[in-house]
Amino acid sequence: MNPGPPAVAQPGPRPLRPSLWREERAPRATVLVDVADYYAALRDALGKARRSVHFLNWAFETRTRLNPEGESYLRLGQILRGLAADGLDVRALCWRAALPVAMSQEGYPHRNIAVFAGSGVRFVLDGTHPFGACHHQKVVVIDDALAFCGSADLALDRWDTSEHLDKDIRRRRPRSRAFFDSRREAMALVDGAPAVALAELFRERWRRATGETMAAPAPASTVAWPDGLEPTFTDVAVGIARTAPGWRGAAEIRECEMLTLASIAAAKHAIYMENQYFTSPPAAEALAERLAEADGPEVVLVSTGHAPHWFDRMTMDRARVGFIKRLVRADLHDRLQILSPLTRGGAPIIVHDKMAVIDDDFVRVGSTNLNNRSTGFDTECDLAFRLESGANRAAAAALRNRMVGQWFGLAEGEIAEAVRREGRLGAALASLLAQGRGGLKPIKPKILGPLASFIAAFHLGDPVGPADSLHPVLRRRRLEARVEAVIRGEGAMEISASEQPPPRRWRRFDPRPRARGRKPGRERPR
């Protein structure tokens with residue numbers, strides 16, 4: 001498919017290069033919302049692969065069906081074994097999941113080893129990470145010329161459509177009458193130079209995990225772009241941001257956190273984010289600073305009402321209370337919406353995507369949660385699309401309106417009309433909710449008891465980096481230092497996770513109830 005001539009550049013967003021590993025131009029880029037569309041595009045691209053197929057994943061199950069509703073019920077493992085038998089270089093590098101996680105996934109990813117035994121598929125469990133950390137990237141590279149990157153793993157429980165139907169027969173659990181939960185996911189697809197860069201990322205990860213150095217291939221003569229898939233953006237600048245812990249001589253990489261802070265600072269009108277977790281104090285402070293401005297941008301955050309697993313409910317949900325309270329206190333001009341989605345039947349939808357649309361100038365898709373571990377402890381990868389042309393910015397606005405409309409069962413144009421009528425996205429959402437349209441409900445800050453307050457105050461289960469993974473007091477001090485860096489306008493650039501700032505009295509993100517009579521406003525640590 002020929003993307004046509006590049007669009008004429010218009011005045012647009014300022015570069016985010018200091019926050020990126022690489023910035024390359026892609027002839028085509030598409031944002032795929034929810035796993036049904038992602039698996040369909042992946043299935044088509046795998047069928048066109050000519051040389052290699054390489055995977056980086058947190059979860060990887062060979063029993064995953066890429067087409068649960070069609071005539072072909074081939075599992076992912078069967079497809080990859082067939083490609084390897086045809087002479088393709090097929091490799092998968094997956095996080096060596098901790099035993100409790102593997103048990104919750106019926107023994108996967110470890111069971112994949114037996115499935116691929118005797119085949120040409122090279123499947124490796126990657127345990128090269130600090131204790132308690134994980135490899136969280138979700139990347140697929142085909143022929144070093146086409147790449148997917150985003151939030152969706154390859155597992156049986158990920159499949160869902162953008163309709164998020166209740167009790168969809170295609171989401172039924174094996175050998176059970178129960179159903180998998182509805183999920184929101186987002187994956188980006190790029191070709192050209194960004195795909196080549198992601199291929200380099202895979203080779204470096206492979207080298208660190210196995211000790212084997214893979215030679216870079218010659219440029220591909222064809223691109224396995226899926227049939228009938230129209231690009232969301234054409235001739236677009238694509239930034240690549242990473243997270244990697246400083247461990248065993250490897251340098252710490254915090255590009256994803258820097259990208260978050262830089263994009264929030266660059267916003268002029270609207271910040272729309274969907275994310276699994278909102279717990280990061282530096283991100284909360286950056287958003288709060290913008291909300292406190294008289295003419296700052298509106299902020300709309302969408303997340304799951306509560307985490308589906310008990311450990312995350314005990315840790316991440318508690319820490320999110322402090323995040324929400326900081327933003328509520330800063331929202332002096334009524335520009336904040338924090339919402340969770342529901343199915344038509346009122347069941348919660350798991351928001352697992354990590355996506356942001358800023359001013360229709362930036363679109364970000366990746367694996368990075370807005371928590372601490374995704375900014376310095378786990379391994380992450382995000383793509384940031386810097387939209388210079390009017391056509392690409394219009395496409396970003398349409399993408400955001402389409403995603404919002406899916407929560408309400410409304411078309412993209414209906415959301416666009418509501419935004420035009422109310423003047424901004426947050427007001428449009430408030431109007432729709434007031435009309436009883438459903439789809440989203442506000443997430444309110446909760447009052448925490450003593451134990452929950454302790455968990456939230458020290459961000460238990462959510463380390464900043466390897467050094468504080470077992471030292472919650474040090475973690476709290478480091479988070480305060482990073483918040484102070486945001487206040488000084490330095491963001492993540494000046495404070496390294498290896499530094500040990502002097503202890504200070506923590507006040508800004510104290511999740512306990514505020515004392516009566518205290519005036520709302522922006523507080524500073526004493």
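For reference, positions follow the sequence shown, starting with 1.
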Please enumerate all residues that pass side-chain hydrogen bond (donor to acceptor under 3.5 Å, both in side chains) together with [X], with sequence neighbours excluded.
X      : result
Trp159 : none
Tyr277 : Asp312
Asp191 : Arg28
Arg437 : none

Item to check | By salt bridge (charged side-chain N to carboxylate O under 4.0 Å, His left out) - contacts of Arg63 (at least two apart) | outcome: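 So Arg63 forms a salt bridge (charged side-chain N to carboxylate O under 4.0 Å, His left out) with Glu61, Glu106.
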
Checklist entry - Of all residues at least two apart in sequence or in a different chain, which pass the salt bridge (charged side-chain N to carboxylate O under 4.0 Å, His left out) check with Arg171? => result Asp160

Item to check | Whether over 12 other heavy atoms sit under 6.0 Å from Arg344 CZ | outcome: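 No, the 6.0 Å shell around CZ holds no more than 12 heavy atoms from other groups.
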
Checklist entry - Would you say Asp34's side chain and Glu163's backbone share a donor-acceptor pair under 3.5 angstrom? => result no

Checklist entry - Quick one: ring pair (Phe, Tyr, Trp, His ring centres under 6.0 Å) partners of Tyr108, sequence neighbours excluded? => result none

Checklist entry - Sequence neighbours excluded, which residues qualify as ring pair (Phe, Tyr, Trp, His ring centres under 6.0 Å) partners of Phe60? => result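 Listed in chain order: Phe55, Phe123.
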
With [X], which residues qualify under side chain to side chain contact (heavy atoms under 4.5 Å, CB included), at least two apart?
X      : result
Ala133 : His129, Pro130, Phe377, Asp378
Thr379 : His135, Gln137, Arg205, Pro245
Arg420 : Glu417
Thr232 : Thr30, Val31, Ala395

Checklist outcome for this item: Heavy-atom nearest pair, Val238 first then Pro194, reads CB-CG, 3.8 Å

Checklist entry - Between Ser340 and Gly305, which heavy-atom pair has the shortest distance, and what is it? => result CB-N, 3.5 Å

Checklist entry - Considering only heavy atoms from C-beta outward, does the side chain of Gln276 approach that of Ser151 to under 4.5 Å? => result no

